[in-house]
Amino acid sequence: MSFFKKKVVLVSLFVLAISASAIAYANDQSKPDVPIHKVVNLSANSLTFHEIDKLDAFAELIVIGYATEDFRDREHVITAFDDGTMQSFHTNTNSKIEKILKKPDDFPSDQNELPIIEPVSIEGDVIYTVDDYVELQKGDESVLFLMRNSYGDYGLINDNLGKFSLEGITQYSLPQSSTVEELSEYETFRDSVMEKYHLN
């Protein structure tokens, strides 16, 4: 074998080794720390407001607050009928209140912690959500629109249009499948929320 052919073979082997290493590295890097979840989205006939004044009038409690735990660490509640069919699901999210923007008379003015019900839950590697709702992110200060249920617990209302991060629009504001129109609507709504409560 000539010197030239040996050189070509060595260079080819070197390129092959580098390629194999790069592929192995890329595969290793693509493994997330948290397993990829399957998302099951269910529709609900919930009342959705698209104007801030109507949402403000409907909500009983409006606060600036944030979730204090990672999503997986929260209390996930899933109930089933006797035959095992899912009946309902939600997550109890512990939150810290930074500021109260509106409250009912019987809500303490100095209350700074509150469990919030979110229309989403997780079981194993499956996330269940209502109307593509995306859970609150730990530490993300947001304007939260809440309503009290018949048990006296406060739940987030208006789906994804019931929580608005003070940081702006993030990848967690809306589901990844959102259309340009939905993103534009969300941005317009968020701007009106920031303006109404002087948060610009």
Side-chain angles (χ1 to χ4, degrees), residues 32 34-63 65-67 69-95 102 114-138 140 142-165 167-193 196:
V34 178
I36 295 172
H37 302 290
K38 175 183 176 186
V39 177
V40 176
N41 180 47
L42 303 171
S43 296
N45 291 326
S46 56
L47 184 62
T48 305
F49 296 96
H50 297 275
E51 296 173 24
I52 182 54
D53 289 338
K54 290 181 179 179
L55 179 57
D56 178 273
F58 186 77
E60 290 181 283
L61 177 64
I62 306 170
V63 302
Y66 59 88
E69 300 167 305
D70 288 323
F71 179 57
R72 190 173 275 283
D73 296 332
R74 300 171 196 172
E75 181 187 4
H76 301 281
V77 180
I78 298 177
T79 62
F81 293 106
D82 291 339
D83 65 359
T85 305
M86 181 183 287
Q87 181 179 20
S88 67
F89 61 87
H90 68 272
T91 294
N92 293 324
T93 300
N94 291 323
S95 68
K102 176 186 175 182
L114 181 69
I116 294 172
I117 297 171
E118 292 188 87
V120 63
S121 195
I122 188 170
E123 185 175 49
D125 65 345
V126 180
I127 292 177
Y128 298 97
T129 184
V130 175
D131 292 331
D132 286 317
Y133 176 81
V134 180
E135 71 276 3
L136 291 169
Q137 301 302 302
K138 179 181 177 181
D140 182 20
S142 302
V143 180
L144 307 174
F145 293 85
L146 307 163
M147 179 69 76
R148 189 164 32 187
N149 65 18
S150 56
Y151 299 103
D153 301 316
Y154 282 95
L156 196 135
I157 59 172
N158 220 39
D159 301 323
N160 289 313
L161 295 177
K163 59 181 181 63
F164 298 92
S165 172
E167 296 298 314
I169 298 176
T170 72
Q171 63 179 344
Y172 304 107
S173 299
L174 293 170
Q176 292 181 348
S177 59
S178 297
T179 63
V180 172
E181 184 180 343
E182 288 168 334
L183 184 59
S184 177
E185 178 189 2
Y186 184 87
E187 185 174 11
T188 300
F189 202 117
R190 182 187 176 278
D191 288 345
S192 65
V193 169
K196 182 172 184 66

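Keep in mind that what you see is a predicted model, and the values were worked out from it rather than measured.
A donor-acceptor contact shorter than 3.5 Å is absent between the side chain of Thr91 and the backbone of Glu118. Judged purely by atom type and a 3.5 angstrom limit, Asp83 uses its side chain to pair as donor or acceptor with the backbone of Thr85. With Thr188 contributing its side chain and Ser184 its backbone, the two residues share a donor-acceptor pair below 3.5 Å. Between the side chain of Asn160 and the main chain of Asp132, a donor-acceptor pair closer than 3.5 Å is present.
Between the CZ atom in Arg74 and the NZ atom in Lys138 there is a gap of 9.5 Å [rounded to 0.5 Å]. Interatomic distance, CD1 of Ile157 versus CE of Met147, reported as 4.5 Å (0.5 Å rounding). Thr48 OG1 to Leu55 CG: the interatomic distance, rounded to the nearest 0.5 Å, is 10.0 Å. Atom CG of Leu47 sits about 10.0 Å away from atom CG of Asp159, to the nearest 0.5 Å. Taking NZ of Lys102 as the start and CZ of Phe145 as the end, the distance is 9.5 Å to the nearest 0.5 Å. Going from atom CD of Glu135 over to atom CG of Asp140 covers 11.5 Å, rounded to the nearest 0.5 Å.
Between Leu146 and Ile117 the shortest side-chain heavy-atom distance does not fall below 4.5 Å. At least one side-chain heavy atom of Met86 sits under 4.5 Å from a side-chain heavy atom of Tyr128. At least one side-chain heavy atom of Leu144 sits less than 4.5 Å from a side-chain heavy atom of Leu136. Looking only at side-chain heavy atoms (C-beta outward), Thr129 and Pro119 stay at 4.5 Å or farther from each other.
Partners of Lys196 by side-chain contact (heavy atoms from CB on, under 4.5 Å), not counting sequence neighbours, listed by chain and number: Ile52, Asp53, Asp56. Looking at residues two or more places apart in sequence or on another chain, you find a ring pair (Phe, Tyr, Trp, His ring centres under 6.0 Å) between His76 and Phe71. Contacts of Tyr66 classified as ring pair (Phe, Tyr, Trp, His ring centres under 6.0 Å), with partners at least two apart in sequence or in another chain: none.
Summarising the geometry of Ser165 relative to Ser142, their closest heavy-atom pair is CA-OG, 3.4 Å, with the distance given to 0.1 Å. In plain terms, the two heavy atoms of Ser173 and Gly168 that are nearest each other are OG-O, 4.1 Å. In this structure, Ala44 and Val130 approach most closely via the heavy-atom pair CB-CG1, 3.5 Å. In terms of heavy-atom proximity, Asp131 sits nearest to Ser43 at OD1-CA, 3.2 Å. The two atoms that bring Glu182 and Thr179 nearest to each other are OE1-N, 2.8 Å, heavy atoms only. Taking every heavy atom of both residues into account, Ile116 and Ser95 meet most closely at CD1-OG, 3.3 Å.
Counting heavy atoms of neighbouring residues, nucleotides and ligands inside a 6.0 Å radius, atom CD of Gln87 exceeds 12 of them. Within 6.0 Å of the CD atom in Glu167, the count of heavy atoms belonging to other residues, nucleotides or ligands does not exceed 12.
Here Phe164 and Phe189 bring their ring centres to under 6.0 angstrom of each other.
A cation-pi geometry, defined here as NZ or CZ lying under 6.0 Å from the six-membered ring centre and within 45° of its normal, does not hold between Lys163 and Tyr172.
Only one option out of Leu156, Asn41, Asn158 pairs with Tyr133 in a side chain to side chain contact (heavy atoms under 4.5 Å, CB included); it is Leu156.
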